Structures are given as C-alpha cells and as structure tokens.
There are 2 protein chains.
Amino acid sequence: MTDIRRPPLDTRRIVDAAIALADAEGIGALSMRKLARRLGFEAMSLYNHVANKDELIGLMLDAVAAEIGDPEPDAEPLAAVRAVVVATRAAFIRHPWAAGAWLEHMPGPARSRQMEVLLRLFAESGLAPDLAHHGYHAVGNHVLGYTLQEIGMALGSSDDLEAGAHEFLAGLEPDKFPHTIHHVHEHLEGRTSSSFELVLDLILDGLVRLNDARGG
Amino acid sequence: MTDIRRPPLDTRRIVDAAIALADAEGIGALSMRKLARRLGFEAMSLYNHVANKDELIGLMLDAVAAEIGDPEPDAEPLAAVRAVVVATRAAFIRHPWAAGAWLEHMPGPARSRQMEVLLRLFAESGLAPDLAHHGYHAVGNHVLGYTLQEIGMALGSSDDLEAGAHEFLAGLEPDKFPHTIHHVHEHLEGRTSSSFELVLDLILDGLVRLNDARGG
DNA sequence: ACCTGAACACCGTTCAAGT
DNA sequence: ACCTGAACACCGTTCAAGT
C-alpha cells in the first residue's frame, strides 16, 4: 500500500527538510528520527541516501555555501571580497545554526569554490602574499565571529536575543559593571547596527595601508 | 560501606573533572554518565551539585575565563587589551572545546569581569565611544574566529589537524583550486604562525588611525 | 533498489527510596 | 544532606528481513 501523498525520498529532499527544521527549531532539535517523521518515513530510510548525521550536516552546510553566490566578475578585487563577505553574513543570518557548525566540518564543493574565489580575489588584490593570506582569515573570522555573537547571546537561556540580554543585565551589580551595562544597553537600543561593515572596512583598509607602508 | 578512596562530591570537583574530560576527549565525549563514572559516582549524584548539563558547561566556561587573568595595571590601555586577547587565545588553545561553546552560554562571574576589564580599557583608550564599542567586538571576533579556525579543520573527519588538511587537499582538483591548494600548503608548512598577532595589531592600529583621522 | 521492525548501546533527567 | 536504582523519553546506527 503506497501513499500517493508521499513523494520518494532522495538526498536533496532530505537536506532541504533538514535545513528547514534547523532554521525553525535550531540544530539541537534536528534528529534523524524527527527529520524522517517530518518527511513521512522512518529514521532508517534516511540511511539509504545519507551515510550518517555528520555527512547530512556537511551537506546542509554546503547548501548554505551555495546560497552565497559569486561577486560581479568585473568588480575591483577587494570590493568583490567585501560583497562576498556581506553575502556570507546574510546567509548565516538566514540559517542561524550554520555559523556554529561552519568550522567543524570539511568544506564541500560549494564552499571549496567559495574559498577559491575569495583566495583568488586576495591574490589579485595587489596585496603581498602574506597579507593576502592573513586577510582571507581576517575577513572569515570577522563574519563568523560577528554573526555568532549576534546569534549567540540569544541562546544563553532565553528564547530571544532581547530576553537574554535583559537576563544578563539583571545579574550584574551596577557599580561593579558600569561599562558592561552600558555596552549591553547600546545593543538593546540598536545603536550598533553598522558595526559589521565598519569593522570589515577597517580590516580591508588596514591591509591596504599596511601593504602601502611597506613600499608596495 | 564507604570507599575511603573516594572523596566526597562537590561542584568544584565535578567542574574540574568535566574540563579534564573535555580537554582530553572533546566536548562530544562529555556525558553526565561518563563523568560520574570517572569520579566514582552514579550520574544522578551529579544533580545534587549542578542543575543540569547546560549549567555544568556554563561553569566550565567560566573556569576557563578565570584562567585568562588580568593585564598589568599600569599598562597603556590598548597594550593591555592586546595582552588580554593574547591570553584569551592561550586559554582557548589549552581548552579546545571552549571557543565553540563560548557564545552559546551567558557569561558567568569570571567572564563578566573579563568583559568589564576589556570594555573599561577601550573606554580609557581615547577612542571615540563608537570605535571603542566596535573595537571590543572586533578583537573578540578575531580571537574566537582565529582559534576556531585553527582547531576546527582538525574536526573535519580526521583525528588531527594535519590529517584533516591532507584529506581536504586530496579532494581538490589541482587545476580548479590552485589558490586553495596553495593556501592549505602554507598552513601545512607552518608559514602562518604569526598571523594571529599581525591581524590583531592591524585591527588595533586601524582603530587608532580611524580615530585620529576623524580629528581626535 | 529502497524501505522498515527490532535491537543495541547509548543519552539527559526525574523521582521515590534509601542512608 | 547526599547518594542511587529504576524508569521515562529520547538519541544514532546496524542489520536482517521485507517489497
């Protein structure tokens, strides 16, 4: 007896459903059993299409990498880097579980391509080889760290970012933590939205300036 | 019948044993049952001293924060920031599980103190308030992202970093990924060790330069 | 070729019962 | 006050059996 409402299972459908589940409920709520149930199958069926949960998460991450997209081909190299980094941040915000898993899995095809594009742009930027190398890591750290920080505080113990921030504030004695309290208030009042691109430009401009200062 | 070789359980001993276990086998190998067994108790006994696993990890993270230590009191503010960040990196390397969990838990007392120290140093640095705010995040992102990147690749699927890098390289077609292959080789040959402090200085110097350019 | 029931070896956590 | 056996509701994964 076949259920006509149930399309056959394939890797693509599994990965898409897993991403939807992780987007909606967090990666902690992603289990093989729950994912299969959502698709109308049993957990064991998934193993016909995916080696194990680790490989599944790797495929999910590469699907996120594929969303990032390429920069315009005729853009100036560091402007193109900037565009890719901004697009990466957007993808991480669409899929809040991705940044935390990003460095714990080997790059798949899409992310390898993304890496190659970024490294080529740095190589063509006119920066000295060591600055190109460090610049690649610097922008990667920035986008990853910044996004994790934005998402992370929400996970502290509350359901959303603002509740987490308030709970954290409530535990701080005002006379011992004046700077911390001020800092958290700046976040709560949304006065820090431009921070991501400001620091990104600081890094990119700093690389160019350092390169020039060496007599490039 | 009491076992004389078994000192009584307390929160401190539990946290220390949990850190030792996570340092040695990774945070994935940390379970309440295994931890209790190591200590010579049953899993349920842990719940007399710790609310749950999440709180335990929070306590572990705050113990790592407590290891970081304070900068010398008479140091120039941004030099003191630099020292704290370098010490943070050392702590993250001693406890490779800590960076990945850092932003998913609310700061405990030691980390709150650390936050306050850093924010005070930025406030006293002479930087404009918005640059102080962004600088705090920029150095935090740098130390976290950089350490995760160093540790992360090892977790891909192999046991150590070098094996992971080689496995990654083996999957790249040489003519399609020349820059990526070159980049990974630079890591394998250890030509990138100074990268952490170079980019850290780039961020700190960039903040000062941007501040000065505004007419500070 | 694809799906699945039963089973294995684990989890975190609660609760009532012991001392 | 602290410890624990039994139990509950979960996990990921294997494997033999089905179609």
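Just so it is clear, the structure is predicted and the values come from calculations on it, not from any experiment.
- When the P atom of D:dC11 is taken as reference, atom CG of B:Leu30 falls 20 Å away, rounded to whole Å.
- If you measure from atom CE of B:Met32 to atom P of D:dG5, you get 17 Å, rounded to the nearest angstrom.
- Using a 4.0 Å heavy-atom distance criterion, B:Ser45 is classed as a base contact.
- Other residues, nucleotides and ligands contribute more than 12 heavy atoms inside 6.0 Å of the CZ atom of B:Arg94.
- B:Lys34 has its NZ atom 16 Å from the P atom of C:dA9, to the nearest Å.
- The residue among B:Pro8 and A:Ser31 whose nearest nucleotide of DNA chain D lies closer to the 5′ end is B:Pro8.
- Checked against C:dT13, D:dC3, C:dC3, the side chain of A:Phe41 finds its nearest nucleotide in C:dC3.
- Here C:dG12 presents its P atom at 11 Å from CD1 of B:Ile27, a figure rounded to the nearest Å.
- Of the residues near DNA chain C, A:His49 and A:Arg33, the one whose nearest nucleotide (by heavy atom distance) lies more toward the 5' end is A:His49.
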Given B:Glu150 and B:Phe92, is the side-chain contact (heavy atoms from CB on, under 4.5 Å) satisfied, shown in steps?
CA-CA 11 Å; B:Glu150 280 189 302; B:Phe92 283 164; over 6 Å; no
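- What you find for A:Pro178 and B:Glu116 is that their closest heavy atoms are CD-OE2, 3.0 Å.
- Ring centers of B:His183 and B:His187: under 6.0 Å apart, within the cut-off.
- B:Leu35 places its CG atom 16 Å from the P atom of C:dC10, with the value rounded to the nearest Å.
- Between B:Phe177 and B:Leu169 there is no side-chain heavy-atom pair separated by less than 4.5 Å.
- Taking atom CG of residue A:Asp10 and atom C1' of nucleotide C:dC3, one finds them 15 Å apart after rounding to whole Å.
- Within 6.0 Å of CZ on A:Arg82 lie more than 12 heavy atoms contributed by other residues, nucleotides or ligands.
- Residues passing the salt bridge (charged side-chain N to carboxylate O under 4.0 Å, His left out) test with A:Arg38 are A:Glu25, sequence neighbours excluded.
- Between A:Leu56 atom CG and D:dC11 atom P the separation is 14 Å, expressed in whole Å.
- Stem analysis of DNA chain D (Watson-Crick or G-U pairs, both distances under 3.5 Å, runs of at least three) returns C:4-8 with D:12-16, C:12-16 with D:4-8.
- Taking the six-membered ring for Trp and the full ring otherwise, B:His137 and A:His142 have centroids separated by 6.0 Å or more.
- Annotation: cation-pi pair A:Arg89/A:Phe196 present, NZ/CZ under 6.0 Å from the ring centroid and within 45° of its normal.
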Under 3.5 Å between N/O atoms: give me all the protein pairs with nucleotides 14-19 of chain D, atom names plus distance.
none

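- A:Glu42 places its CD atom 6 Å from the P atom of C:dT4, with the value rounded to the nearest Å.
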